[in-house]
Amino acid sequence: LPAEVPEIKRSEPEMPAAKVEELKVVKQIEVPKQVAKVEAPKQYADVTEEIPRRPALSSATVRALELRSRQKVLKGKSLNHKGYALIKKGRPAEAIPVLEESVRAFPPEGKHDLNYAYALFNLAVAYRMAGKPEMAIPLLRERIKINDQREIVQRELLTAQRQARMSENNFN
């Protein structure tokens, strides 16, 4: 920094010229002459002052958020059970909107819950059974990433892919 601005602190230590030359040799960098001689800026901004600080959440707020998240997981779980019962009764078309709502009900942090995995699987099964195997495939691909009952999910994925190919061939 120029000597006439002593009250401004430099955020990074200046690298010694010998070290700069050493780095140029090690990295085989040629610095063009017009770039090598750059003047120091007249002022430095202290960017840390411009970052807005977020207030810490109170313990009551944290508990309320956790409770709300648990309620969403319970809602998703309950809807999944209802959708599964409809599938078992042979009514997959009726199960689809219930299971779609179940999958949407899980909050982002609830997507690690096994009930979310089951809801994804059940929705995929309902789509396939309702004659929409092409809609089941992406759900099963997402579901297979979750480490639980992968063999069953893989079989369902193969079945959905086979049905999707068959229905595609029937249209052609």
Side-chain angles (χ1 to χ4, degrees), residues 11-12 23-24 26-32 35 45-172:
S11 60
E12 296 178 6
L23 288 174
K24 285 181 193 175
V26 171
K27 293 184 178 182
Q28 300 296 320
I29 298 173
E30 281 191 31
V31 180
V35 176
D46 188 2
V47 293
T48 57
E49 296 299 319
E50 297 175 21
I51 299 174
R53 300 282 187 238
R54 192 176 202 181
L57 297 175
S58 70
S59 60
T61 304
V62 170
R63 283 194 307 277
L65 290 171
E66 288 171 354
L67 177 62
R68 183 172 169 88
S69 178
R70 275 188 256 128
Q71 287 172 336
K72 287 181 177 183
V73 169
L74 289 174
K75 179 182 179 184
K77 184 177 176 180
S78 173
L79 289 167
N80 179 49
H81 288 307
K82 184 178 177 182
Y84 179 75
L86 288 168
I87 291 171
K88 287 297 180 189
K89 290 178 183 176
R91 297 166 30 196
E94 290 177 46
I96 289 172
V98 174
L99 291 166
E100 286 174 336
E101 188 178 347
S102 171
V103 168
R104 281 192 308 268
F106 285 91
E109 61 276 3
K111 298 202 175 168
H112 301 296
D113 190 297
L114 274 182
N115 291 294
Y116 172 73
Y118 299 153
L120 273 179
F121 181 80
N122 290 334
L123 178 57
V125 169
Y127 276 135
R128 184 186 56 76
M129 289 176 69
K132 301 175 181 180
E134 66 284 348
M135 294 183 75
I137 293 169
L139 296 172
L140 291 165
R141 286 185 176 147
E142 183 180 345
R143 170 57 180 93
I144 207 162
K145 295 175 187 175
I146 301 168
N147 190 17
D148 180 66
Q149 301 179 350
R150 284 191 171 144
E151 300 81 26
I152 295 168
V153 177
Q154 182 65 40
R155 280 196 305 268
E156 183 64 28
L157 177 58
L158 292 173
T159 302
Q161 289 171 331
R162 194 171 29 255
Q163 284 183 358
R165 279 193 303 273
M166 287 175 27
S167 64
E168 187 178 287
N169 290 336
N170 290 339
F171 287 120
N172 294 331

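Computed from a predicted structure; not experimentally measured.
The shortest non-hydrogen separation linking A126 to P92 is O-CB, 3.7 Å. Pairing each heavy atom of G83 with each of V98, the nearest pair is N-CG1, 3.8 Å. Shown here for A160 and A136, the closest heavy-atom pair between the two residues is CB-CB, 4.2 Å.
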- Might you work through the side-chain contact (heavy atoms from CB on, under 4.5 Å) test for L99 and I87, ending with a clear yes or no? CA-CA 10 Å; L99 291 166; I87 291 171; 3.8 Å; yes
- Show your reasoning for whether side-chain contact (heavy atoms from CB on, under 4.5 Å) applies to V62 and E66. CA-CA 6 Å; V62 170; E66 288 171 354; 3.6 Å; yes
- Could you go through the side-chain contact (heavy atoms from CB on, under 4.5 Å) check for R143 and Y118 one step at a time? CA-CA 8 Å; R143 170 57 180 93; Y118 299 153; 4.2 Å; yes
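For CZ of R68, the number of neighbouring non-hydrogen atoms (other residues, nucleotides, ligands) closer than 6.0 Å is 12 at most. More than 12 heavy atoms of other shown residues, nucleotides or ligands fall within 6.0 angstrom of atom OH in Y116.
With rounding to the nearest 0.5 Å, the separation of CZ in R162 from CG in L157 is 10.0 Å. Atom-to-atom distance recorded for F106:CZ and L74:CG is 9.0 Å, nearest 0.5 angstrom. A distance of 8.0 Å separates NZ in K111 from CG in L120, rounded to the nearest 0.5 Å. Remark: L140 CG to R128 CZ distance equals 9.0 Å, nearest 0.5 Å. One distance of note links CG of L123 with CG of L79; it measures 12.0 Å at 0.5 Å rounding. In this structure, N80 CG and F121 CZ are separated by 11.0 Å, a value rounded to the nearest 0.5 Å.
Checked by atom type and distance alone, the side chain of R141 never pairs as donor or acceptor with a backbone atom of I144 at under 3.5 Å. Within the 3.5 Å criterion, the main-chain N or O of Q163 finds a donor-acceptor partner in the side chain of S167. Side-chain N or O atoms of R150 include one that pairs as donor or acceptor with a backbone N or O of K145 at under 3.5 Å.
For the pair K82/E94, no side-chain contact is recorded, criterion being any heavy-atom separation below 4.5 Å from C-beta on. Side-chain contact between I152 and E156 is absent, with no heavy-atom pair separated by less than 4.5 Å.
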